[in-house]
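Here the structure is laid out as structure tokens; the discussion comes afterwards.
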Amino acid sequence: MAEPGGPLLSLRSVTKVFGEGDATVHALRGVDLDIHPGEFVAIMGTSGSGKSTAMNILGCLDVPSSGQYLVEGIPVEDLPADVLAALRNDRLGFVFQGFNLLPRTSALANVELPLVYADVPARERGRRARQALAEVGLAGREDAHPNQLSGGQQQRVAIARALINEPEVLLADEPTGNLDSRTSAEIMTLLSGLNRDRGITIVMVTHDVEIAEYAGRLVTFRDGGILSDQPRSAA
């Protein structure tokens, strides 16, 4: 465990290299980054800046070429496979730009999916999924399929699915990228409330300056490194 007051997630001199020879791409070049419990951090940067690569490493979806990724001070590479899987499934929640919902499946079944993989009994799955949908403002839409929901409602389903295992950290990759400005504001208000009221740590990649203003801290990537890291007032 980390020392009290220490970071929850840490990148230490992390590099990530793709390809080889003339095709080598240095996506990350010695990145140091700490995320503390309860923070709402926005990560920005142009295409190719390294922000999405950093997010994938934070989500245990990729591994550094060198350096270390630590969770509560423990190097992720030292974790047994089953512990790493539990970390990814139980302590981290994921929200993506494209919603990633199963199209022929109800909102309730989409939200239940992580619990199916965890072998949670059907009745408990249903109870928790209904509760999660209600929390994101979709009580009464449990039987709706994605094509019967607006983009904002589909993203709410995706957020409910991310919350179903009560994660400590929510990793949101362009969560408003497919939404109009009004719906984007509604989704960001929802995420801000989860951070404020439930203390969920949120790390969000965005290209939108207005969306980044909802966060309490802005980290800007450029050419595989951190260009700036500064606090800001949340909206």
Side-chain angles (χ1 to χ4, degrees), residues 7-36 39-71 75-77 84 87-88 92-101 151 154-155 158-159 162 169-181 183-185 187-188 191-192 195 201-232 234-235:
L8 177 58
L9 311 177
S10 299
L11 302 180
R12 291 284 178 265
S13 302
V14 164
T15 71
K16 184 64 182 181
V17 180
F18 297 101
E20 56 185 25
D22 293 340
T24 298
V25 175
H26 294 271
L28 295 177
R29 301 172 181 266
V31 169
D32 292 300
L33 178 66
D34 286 336
I35 307 292
H36 288 82
E39 282 197 294
F40 189 160
V41 180
I43 297 177
M44 297 193 72
T46 58
S47 179
S49 63
K51 63 185 188 300
S52 294
T53 301
M55 177 70 97
N56 287 339
I57 291 174
L58 290 171
C60 299
L61 303 175
D62 204 349
V63 296
S65 298
S66 66
Q68 282 191 316
Y69 174 35
L70 303 100
V71 177
V76 168
E77 67 265 24
L84 180 59
L87 167 65
R88 188 166 49 236
L92 304 176
F94 299 89
V95 178
F96 301 98
Q97 176 177 347
F99 316 139
N100 291 8
L101 302 178
Q154 290 182 61
Q155 192 60 294
I159 292 170
V169 181
L170 198 61
L171 299 168
D173 192 356
E174 298 280 8
T176 63
N178 287 338
L179 305 176
D180 61 42
S181 57
T183 307
S184 294
I187 292 299
M188 292 311 303
L191 292 177
S192 295
N195 172 252
T201 303
I202 298 179
V203 183
M204 174 183 68
V205 165
T206 182
H207 68 279
D208 191 325
V209 174
E210 292 185 5
I211 294 302
E213 289 177 353
Y214 284 84
R217 177 180 165 201
L218 174 61
V219 179
T220 304
F221 275 70
R222 181 176 178 181
D223 297 332
I226 293 177
L227 177 65
S228 64
D229 184 347
Q230 58 193 28
R232 64 184 309 149

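Side-chain N or O atoms of Arg222 include none that pairs as donor or acceptor with a backbone N or O of Leu227 at under 3.5 Å. Judged by distance alone, the side chain of Thr183 and the main-chain N or O of Asp180 form no donor-acceptor pair under 3.5 Å.
Listed here is the closest heavy atom pair of Cys60 and Leu87: SG-CD2, 3.8 Å. Taking each heavy atom of Thr176 and Ser184 in turn, the nearest pair found is CB-OG, 3.4 Å. Nearest heavy atom pair, residue Ala27 against residue Phe18, reads CB-CE1, 3.5 Å. Between Gly151 and Leu179, the shortest heavy-atom contact is C-CD2, 3.5 Å. For the pair Leu218 and Ala212, the tightest heavy-atom approach, listed with the atom from each and the gap, is CD1-CB, 4.2 Å. Shortest non-hydrogen contact noted between Phe94 and Arg88 is CE1-O, 3.9 Å.
Within the 4.5 Å cutoff, no side-chain heavy atoms of Met204 are placed close to those of Val95. Residues Met44 and Thr206 have side chains in contact (heavy-atom distance under 4.5 Å, counting atoms from C-beta outward). Residues Glu174 and His207 are in side-chain contact: their nearest non-hydrogen atoms beyond the backbone lie under 4.5 Å apart. Using a 4.5 Å heavy-atom cutoff, the side chains of Ile35 and Leu8 are not in contact.
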Please determine whether side chain to side chain contact (heavy atoms under 4.5 Å, CB included) holds for the pair Ile159 and Ile187, giving the CA-CA distance in whole Å, both sets of side-chain angles, and the decisive distance to 0.1 Å.
CA-CA 9 Å; Ile159 292 170; Ile187 292 299; 4.0 Å; yes
Full working for side chain to side chain contact (heavy atoms under 4.5 Å, CB included) between Val31 and Phe221:
CA-CA 10 Å; Val31 169; Phe221 275 70; 4.0 Å; yes
After noting the C-alpha distance and the side-chain angles of Leu28 and Ile57, does the key distance pass the side chain to side chain contact (heavy atoms under 4.5 Å, CB included) rule?
CA-CA 11 Å; Leu28 295 177; Ile57 291 174; 3.8 Å; yes
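The salt bridge (charged side-chain N to carboxylate O under 4.0 Å, His left out) contacts involving residues 25-34 comprise Arg12-Asp34, where partners must be two or more places apart or lie in separate chains.
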Distance-only check: which donor-acceptor pairs under 3.5 Å involve side-chain atoms of residues 61-69, not counting sequence neighbours?
unit_1: Asp62; atom_1: OD1; unit_2: Lys16; atom_2: NZ; d: 3.1
unit_1: Ser65; atom_1: OG; unit_2: Val17; atom_2: N; d: 2.9
unit_1: Ser66; atom_1: OG; unit_2: Thr15; atom_2: OG1; d: 2.5
unit_1: Gln68; atom_1: NE2; unit_2: Glu77; atom_2: OE2; d: 3.2
unit_1: Tyr69; atom_1: OH; unit_2: Leu58; atom_2: O; d: 2.7

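Atom CZ of Phe40 and atom CG of Leu170 lie 8.5 Å apart (nearest 0.5 Å). Note: Met188 CE to Glu210 CD = 11.5 Å, rounded to the nearest 0.5 Å. Here the straight-line distance linking atom OG1 of Thr53 with atom NE2 of His26 works out to 13.0 Å at 0.5 Å rounding.
Within 6.0 Å of atom CD in Glu20, 12 or fewer heavy atoms from other residues, nucleotides or ligands are found, so the atom counts as exposed in its surroundings.
Applying the salt bridge (Lys or Arg N to Asp or Glu O under 4.0 Å) criterion to Asp229, with sequence neighbours excluded, gives Arg217.
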